[in-house]
> 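Structure below; questions to follow.
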Amino acid sequence: MIVIKYNSIFYRKIDRNKVQFDFLVTREEKGLYDDEIYSLGGKIYNIPHISKVGHFKYKRIVKDFFISHPEYSIVHCHMNTWSGLFLPIAKHCNIPVRIAHSHNTKNSSKGLGGYLGMLYKNYNKLFIKGAATHLFACGYDAGKWLYGENAADTEVTIINNGIDTCKFKYNQEIAKRVRKDL
């Protein structure tokens with residue numbers, strides 16, 4: 001499976017004898033989780049950001065990646081509106097399972113900025129439902145924003161963000177310390 005964007009809690013907990021995540025990332029510098037991904041058996045493939053190479057060259061780079069890596073039968077894209085750019089290419093390259101995963105409820109101001117950037121992101125949204133085989137979201141509002149209200153009501157699988165609940169388990173010593181500090 002090739003994953004576009006890192007989701008650490010799930011990757012740490014899955015049975016990597018059954019499923020291995022590899023990552024296609026749109027950066028050239030080392031990432032915060034790279035060492036952990038490598039230590040867990042994952043591969044990381046780096047491609048330049050679209051802002052460095054432009055729309056058409058970027059699409060070609062992504063297509064070349066999928067063509068040169070036929071071992072991947074699943075693409076799980078966590079990049080919101082960018083799913084509309086990646087998943088049609090994955091579909092064209094005959095990748096059978098193509099998952100879009102929404103984590104936002106509005107366009108981010110980061111990345112391609114300004115009015116044209118927002119138009120471009122919204123334009124990409126138009127291609128998601130036609131290319132994705134599965135629509136995931138971390139909540140109803142995230143599904144509604146990326147896929148539309150009708151899809152959120154009928155087609156979206158909600159997968160809550162992973163939280164390691166053990167970190168929040170009651171601990172009497174910690175409770176005493178916090179009470180004393182407060």
> State, to 0.1 Å, how close Pro88 and Ala131 come at their nearest heavy-atom pair, and which atoms those are.
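For Pro88 versus Ala131, the nearest heavy atoms are N-CB, 3.4 Å.
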
> Should the pair Asp34-Arg27 be classified as a salt bridge under the 4.0 Å nitrogen-to-oxygen rule?
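Counted as a salt bridge, because a side-chain N and a carboxylate O are separated by less than 4.0 Å.
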
> Nearest 0.5 angstrom please: Ile159 CD1 to Cys138 SG, how far?
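The SG atom of Cys138 is 10.0 Å from CD1 of Ile159, to the nearest 0.5 Å.
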
> Do Leu119 and Leu116 have side chains that approach each other closer than 4.5 Å (heavy atoms only, starting at C-beta)?
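Heavy-atom side-chain distance check passes, below 4.5 Å.
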
> Could you tell me if Asp22 and Tyr72 have a donor-acceptor pair between their side chains, going purely by distance under 3.5 Å?
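Yes.
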
> Roughly how far, to the nearest 0.5 Å, is CD1 of Ile61 from NZ of Lys52?
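If I round to the nearest 0.5 Å, the distance is 11.5 Å.
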
> Report whether Tyr123 and Ile128 are members of the same hydrophobic cluster (ILVMFWY, side-chain heavy atoms less than 4.5 Å apart, transitive linking).
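Shared cluster, no.
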
> Is there a side-chain contact between His134 and Thr157 (heavy atoms, below 4.5 Å)?
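They are not in contact (no side-chain heavy atoms under 4.5 Å apart), so the answer is no.
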
> Is any side-chain heavy atom of Trp145 less than 4.5 Å from a side-chain heavy atom of Thr81?
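Touching, per the 4.5 Å side-chain cut-off.
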
> What are the two closest heavy atoms between Asp15 and Asn17, and how far apart are they?
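Where Asp15 meets Asn17 most closely, the heavy atoms are OD1-N, 2.9 Å.
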
> If we only count heavy atoms from C-beta on, is the Phe86 to Leu24 side-chain gap below 4.5 Å?
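Yes, side chains in contact.
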
> Answer yes when Lys30 and Asp35 have at least one side-chain N-carboxylate O distance shorter than 4.0 Å, and no when they do not.
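Looking at Asp35 together with Lys30, the answer is yes, because their closest N to O distance falls below 4.0 Å.
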
> Assert yes or no for the condition that the ring centre distance of His55 to Tyr120 is strictly below 6.0 Å.
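So the answer is yes for these two rings.
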
> Between Tyr147 and Glu155, does the side chain to side chain contact (heavy atoms under 4.5 Å, CB included) criterion hold? Intermediate values first, please.
CA-CA 9 Å; Tyr147 314 120; Glu155 302 171 59; over 6 Å; no

> Compute the ring centroids of His76 and Phe136, then answer whether they are less than 6.0 Å apart.
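Yes, the ring centres sit under 6.0 Å apart.
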
> Is Phe127 reachable from Ile99 through a run of I, L, V, M, F, W or Y residues, each pair having side-chain heavy atoms under 4.5 Å apart?
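No, Ile99 and Phe127 fall in different hydrophobic clusters.
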
> Rounded to the nearest 0.5 Å, what's the gap from CH2 on Trp82 to NZ on Lys121? Could you check?
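Interatomic distance, Trp82 CH2 to Lys121 NZ, rounded to 0.5 Å: 7.0 Å.
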
> Just verifying a value: how many Å separate Arg98 CZ and Cys93 SG, rounded to the nearest 0.5 Å?
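It comes to 10.5 Å.
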
> Which pair of non-hydrogen atoms, one from Ala142 and one from Thr105, has the smallest distance, and what is that distance?
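Heavy atoms of Ala142 and Thr105 come nearest at N-CG2, 3.8 Å.
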
> Might you point out which heavy atoms bring Leu135 and Lys129 nearest each other, and give the distance in Å?
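Nearest heavy atoms, Leu135 then Lys129: CD1-CG, 4.0 Å.
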
> Tell me whether Tyr38 is reachable from Phe23 by hopping between hydrophobic residues (I, L, V, M, F, W, Y) whose side-chain heavy atoms are closer than 4.5 Å.
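Same cluster: Phe23 reaches Tyr38 through Ile, Leu, Val, Met, Phe, Trp or Tyr contacts under 4.5 Å.
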
> Treating Ile, Leu, Val, Met, Phe, Trp and Tyr as nodes and any side-chain heavy-atom pair under 4.5 angstrom as an edge, say whether Ile67 and Val75 lie in one connected cluster.
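No: no chain of side-chain contacts under 4.5 Å links Ile67 to Val75.
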
> Do Phe21 and Ile37 pass the side chain to side chain contact (heavy atoms under 4.5 Å, CB included) test, and can you show the C-alpha distance, the side-chain angles, and the key distance before you say yes or no?
CA-CA 9 Å; Phe21 291 176; Ile37 290 169; over 6 Å; no

> Using 0.5 Å steps for rounding, measure from the OG atom of Ser51 to the OH atom of Tyr58.
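Between Ser51 OG and Tyr58 OH, I get 9.5 Å after rounding to 0.5 Å.
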
> I want to check something: taking the side chain as every heavy atom from C-beta on, are Tyr45 and Val25 in contact at a cut-off of under 4.5 Å?
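Side chain of Tyr45 against side chain of Val25, heavy atoms only: no contact under 4.5 Å found.
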
> I'd like to know whether Val53 forms a side chain to side chain contact (heavy atoms under 4.5 Å, CB included) with Ile47, so could you lay out the CA-CA distance, the side-chain angles of the two residues, the decisive distance to 0.1 Å, and finally the verdict.
CA-CA 10 Å; Val53 295; Ile47 61 174; over 6 Å; no

> Quick one: pull up NZ in Lys63 and CZ in Phe65 and give me the separation to the nearest 0.5 Å.
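One finds 15.5 Å between NZ of Lys63 and CZ of Phe65.
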
> Can you find a pair of side-chain heavy atoms, one from Lys144 and one from Asp153, that are under 4.5 Å apart?
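No. Closest side-chain heavy atoms not under 4.5 Å.
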
> For a salt bridge (Lys or Arg N to Asp or Glu O under 4.0 Å) check, start with the C-alpha distance between Asp181 and Arg177, then their side-chain angles and the critical distance, and finish with the verdict.
CA-CA 6 Å; Asp181 290 346; Arg177 191 172 4 132; over 6 Å; no

> State, to 0.1 Å, how close Ala152 and Gly143 come at their nearest heavy-atom pair, and which atoms those are.
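That would be CB-C, 3.8 Å.
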
> Below 4.5 Å, heavy atoms only, C-beta onward: do Pro48 and Glu28 meet side chain to side chain?
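Pro48 vs Glu28: side chains touch.
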
> Are Phe56 and Val62 linked, directly or through intermediate hydrophobic residues, by side-chain heavy-atom contacts shorter than 4.5 Å (ILVMFWY only)?
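Different hydrophobic clusters.
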
> So do Pro96 and Thr133 actually touch side chain to side chain, heavy atoms under 4.5 Å?
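Side-chain contact under 4.5 Å: no.
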
> Using 30° and 60° as the class boundaries, would you call the ring planes of His78 and His103 parallel, tilted or perpendicular?
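Aromatic pair His78/His103 classed parallel.
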
> Begin from the C-alpha positions of Leu87 and Lys91 and carry the test side chain to side chain contact (heavy atoms under 4.5 Å, CB included) through to its verdict.
CA-CA 6 Å; Leu87 296 181; Lys91 182 177 181 179; over 6 Å; no

> If I compare all heavy atoms of Lys59 with all of Leu85, which pair ends up nearest, and what's the gap?
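Of all heavy-atom pairs spanning Lys59 and Leu85, the closest is CG-CD1, 3.6 Å.
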
